[in-house]
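Remarks on the structure that follows.
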Amino acid sequence: TIAKQLAKIQRQMAALDAALAEIERVKAAGETVPTHIPLTDPQARVTPNKDGGFAPNYTPLATVDVASGLIVSCEVIAMTNEEHHLVSQVEAVQQNFGLAQPPSEVLADTRSLTGVNLHALQQRGVTLFAPSKQADPKANPARRADLSQPVPEGQRDQLPSKTTKHKDGTQTTQLTKDAFVYDKASDCYWCPHGQALKSRTTTQEKQVGGTLTCTRYAAPASACASCPLRAKCLSAKADHREISRYQHDDLIEAHSQRMATPEAKQKYAARKYRGERPFAHIKQHFGARQFLLRGLKKVRLEWSWLVTAFNLRTLLTLLQPR
């Protein structure tokens with residue numbers, strides 16, 4: 001009937017108005033306007049599903065106390081950039097429990113290991129434990145005693161490298177940044193063949209969390225032309241190698257050395273069970289594999305209900321032996 005058609009059109013117009021309002025909110029907040037705004041829930045974002053495909057999704061976050069297994073802070077975000085919310089979650093724990101200082105240690109996944117996070121946590125007196133993105137310093141032949149001397153030929157196959165597969169089926173292998181060692185005293189990088197890469201340019205790059213200083217170091221093209229590692233070091237069109245060093249890279253390097261110790265590995269192992277258990281429990285035992293509500297405010301409320309239910313069940317389990 002005409003009445004039903006008019007009602008349908010009105011619903012569609014309301015959905016479009018809500019989507020336009022979300023776009024204006026994003027612009028006003030200085031955020032990047034997403035390519036797609038789902039009409040079913042304009043506050044959600046189209047992201048990959050874990051079982052394949054794409055759909056409007058939210059990402060639930062949970063901070064877990066390792067000792068008890070209880071969730072001590074929770075949040076829901078529209079994107080999948082959990083790493084940008086690490087510091088705010090640490091601050092939320094401090095606020096929730098009225099602590100004079102934030103927790104002294106936090107265990108997180110590799111995505112949370114960024115220079116911005118390390119710097120912010122260091123300022124708050126918090127030590128981060130997360131799997132390092134860099135090669136193990138002890139197993140990296142590039143970290144030799146005399147950086148001006150080439151890596152022994154018998155160890156060059158052990159240098160950190162990355163293999164890239166191309167659309168035409170071919171693949172290329174190139175030495176990664178970890179094959180180059182930064183020399184703070186000389187402010188240069190040393191390549192595996194003993195060539196110094198001097199600083200060339202310094203720029204300011206905008207990233208989430210602020211603007212970072214980036215310095216680019218370059219080797220002379222003449223030195224790269226005759227280098228025996230040229231084929232494995234340079235891309236097809238390059239005539240010299242460049243390395244970028246970002247602000248706080250020194251913190252990432254120090255973190256890598258700390259995570260290579262047995263103590264750090266043992267401490268981080270606790271996250272595998274405690275950190276992931278709540279999500280598995282809520283999905284499997286509560287049957288909550290997707291949110292039932294729409295809108296960020298309602299979804300956050302739904303997630304807090306699930307977290308509360310999980311904490312109550314965990315608390316009863318902890319009290320049972322008593």
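Note that this is a predicted model, so its numbers are computed, not measured. Quick note: residue numbers are just sequence positions, from 1.
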**Report entry** Test item: side-chain donor near acceptor, Thr163 and Thr173, under 3.5 Å
**Finding:** yes

Query raised in the report: For the atom pair CG (Leu39) and CG (Leu16), what is the distance rounded to the nearest 0.5 Å?
Result: 5.5 Å

Query raised in the report: Does one hydrophobic cluster hold both Val126 and Val64, with members joined at side-chain heavy-atom distances below 4.5 Å?
Result: no

Report task. For residues Thr314 and Ser68, determine if any side-chain heavy atom of one lies less than 4.5 Å from a side-chain heavy atom of the other. Result -> no

Query - Hydrophobic cluster membership, Ile23 vs Val26, 4.5 Å side-chain cutoff - result: yes

Requested in this report: State whether a side-chain donor-acceptor pair under 3.5 Å links Gln204 with Thr211.
Outcome: no

Report task. For Asn311 and Leu70, indicate whether the former's side chain and the latter's backbone hold a donor-acceptor pair under 3.5 Å. Result -> no

Report task. Tell me, with the steps shown, if Leu234 and Asp239 meet side-chain contact (heavy atoms from CB on, under 4.5 Å). Result -> CA-CA 7 Å; Leu234 303 184; Asp239 63 353; 5.7 Å; no

Query raised in the report: If we only count heavy atoms from C-beta on, is the Met79 to His84 side-chain gap below 4.5 Å?
Result: no

Query raised in the report: Which pair of heavy atoms, one from Gln89 and one from Cys74, lies closest together, and at what distance?
Result: OE1-N, 3.9 Å

Query raised in the report: Given Glu83, which of Thr80, Leu86, Asn81 fulfils the side-chain contact (heavy atoms from CB on, under 4.5 Å) condition?
Result: Asn81

Query raised in the report: Passes side-chain hydrogen bond (donor to acceptor under 3.5 Å, both in side chains), Thr59 versus Arg45? Steps please.
Result: CA-CA 10 Å; Thr59 302; Arg45 294 294 178 264; over 6 Å; no

**Report entry** Distance, nearest 0.5 Å, that separates SG of Cys188 from CG of Asp183
**Finding:** 5.0 Å

Report summary line: In short, Val181 meets Ala142 closest at the heavy-atom pair CG2-O, 3.4 Å

Query raised in the report: Between Val76 and Ile282, is there a shared hydrophobic cluster once you connect ILVMFWY residues whose side-chain heavy atoms come closer than 4.5 Å?
Result: yes

Query raised in the report: Only one of Arg200, Lys198, Lys177 forms a salt bridge (Lys or Arg N to Asp or Glu O under 4.0 Å) with Glu242, so which one is it?
Result: Arg200

Query - Heavy-atom neighbours of Gln95 CD exceed 12 at 6.0 Å - result: no

Query raised in the report: Mind checking whether Val46 and Pro38 have side chains closer than 4.5 Å, heavy atoms only?
Result: yes

Report task. Using the six-membered ring wherever Trp is involved, compare the ring planes of Trp303 and Phe279 and label them parallel, tilted or perpendicular (cut-offs 30° and 60°). Result -> parallel

Requested in this report: Kindly indicate, with the supporting measurements, whether the criterion side-chain contact (heavy atoms from CB on, under 4.5 Å) is fulfilled by Glu91 and Val87.
Outcome: CA-CA 6 Å; Glu91 292 176 338; Val87 176; 4.0 Å; yes

Report task. Quick one: pull up OG1 in Thr47 and OH in Tyr58 and give me the separation to the nearest 0.5 Å. Result -> 11.0 Å

Report task. Decide side-chain contact (heavy atoms from CB on, under 4.5 Å) for Tyr217 and Cys191; before the verdict, give the C-alpha distance in whole Å, the side-chain angles of both, and the deciding distance to 0.1 Å. Result -> CA-CA 11 Å; Tyr217 297 79; Cys191 84; over 6 Å; no

Query - Glu105 vs Arg271, salt bridge (charged side-chain N to carboxylate O under 4.0 Å, His left out): CA-CA, chis, key distance, verdict - result: CA-CA 12 Å; Glu105 298 175 347; Arg271 181 185 178 274; over 6 Å; no

Requested in this report: Compute whether any side-chain donor of one residue and acceptor of the other, for Tyr182 and Asp249, lie under 3.5 angstrom apart.
Outcome: no

Report summary line: Interatomic distance, OG@Ser73 vs CD@Gln94, rounded to 0.5 Å, equals 11.5 Å

Report task. Mark yes when over 12 heavy atoms from residues, nucleotides or ligands other than Glu31 sit less than 6.0 Å from its CD; otherwise mark no. Result -> yes

**Report entry** Side-chain (Gln174) to main-chain (Cys233) donor-acceptor, under 3.5 angstrom
**Finding:** yes

**Report entry** Atom of Asp109, atom of Tyr268 and distance for their closest heavy-atom approach
**Finding:** CA-OH, 3.8 Å

Query raised in the report: Do you know which two heavy atoms are closest between Arg156 and Lys232, and how far apart they sit?
Result: O-NZ, 4.0 Å

**Report entry** Parallel, tilted or perpendicular: ring planes of His248 versus His119, cut at 30 and 60 degrees
**Finding:** parallel

Query raised in the report: Does NE2 belonging to His166 count more than 12 external heavy atoms closer than 6.0 Å?
Result: yes

Query raised in the report: Can any side-chain N or O of His255 pair as donor or acceptor with the backbone N or O of Ala130 at less than 3.5 Å?
Result: yes

Query - Among Val90, Thr114, Leu118, the one residue meeting side-chain contact (heavy atoms from CB on, under 4.5 Å) with Leu128 - result: Leu118

Query raised in the report: Judged by atom type as modelled, is there a donor-acceptor pair below 3.5 Å linking the side chain of Glu302 to the main-chain atoms of Leu292?
Result: yes

**Report entry** Under 3.5 Å side-chain donor-acceptor pair for Arg245 and Ser199
**Finding:** no

Query raised in the report: Is the closest side-chain heavy-atom distance between Tyr189 and Arg241 below 4.5 Å?
Result: no

Query raised in the report: Which heavy atom in Gln158 sits nearest to a heavy atom in Pro141, and how many Å separate them?
Result: O-CD, 3.7 Å

Query raised in the report: Quick one: does Arg144's side chain have a donor or acceptor within less than 3.5 Å of a partner on Gln149's backbone?
Result: yes

Query raised in the report: Are Leu113 and Leu212 connected, step by step, through hydrophobic side chains (Ile, Leu, Val, Met, Phe, Trp, Tyr) whose heavy atoms are closer than 4.5 Å?
Result: no

**Report entry** Test log, rule side-chain hydrogen bond (donor to acceptor under 3.5 Å, both in side chains), inputs Asn117 and Ser112
**Finding:** CA-CA 7 Å; Asn117 281 344; Ser112 298; 5.0 Å; no

Query raised in the report: Is Leu296 reachable from Phe291 through a run of I, L, V, M, F, W or Y residues, each pair having side-chain heavy atoms under 4.5 Å apart?
Result: yes

Requested in this report: Would you check, one step at a time, whether the test side-chain contact (heavy atoms from CB on, under 4.5 Å) holds for Arg216 with Thr203?
Outcome: CA-CA 9 Å; Arg216 290 176 175 80; Thr203 58; 3.1 Å; yes

Requested in this report: Look up atom OG in Ser256 and atom CG in Asp178, then write down how far apart they are to the nearest 0.5 Å.
Outcome: 7.0 Å

Report task. Compute both the distance and the angle, then confirm whether Arg258 meets the cation-pi test with Phe129: under 6.0 Å from the six-membered ring centre, within 45 degrees of the axis. Result -> yes

Query raised in the report: Under 3.5 Å, side chain of Asn49 to main-chain N/O of Asp51, donor-acceptor pair present?
Result: no

Report task. Hey, could you give me the NZ/CZ distance between Lys298 and Arg294, rounded to the nearest 0.5 Å? Result -> 10.0 Å

Query raised in the report: Which pair of non-hydrogen atoms, one from Ser244 and one from Cys214, has the smallest distance, and what is that distance?
Result: CB-SG, 3.9 Å

Requested in this report: Can you establish whether the number of heavy atoms outside Glu153 located under 6.0 Å from its atom CD is more than 12?
Outcome: no

Query raised in the report: Counting distance only, does the side-chain N/O of Arg230 pair as donor-acceptor with the main-chain N or O of Ser226 below 3.5 Å?
Result: no

Query raised in the report: Is the side chain of Thr261 donor-acceptor paired with the backbone N or O of Gln257 at a distance under 3.5 Å, no angle test?
Result: no

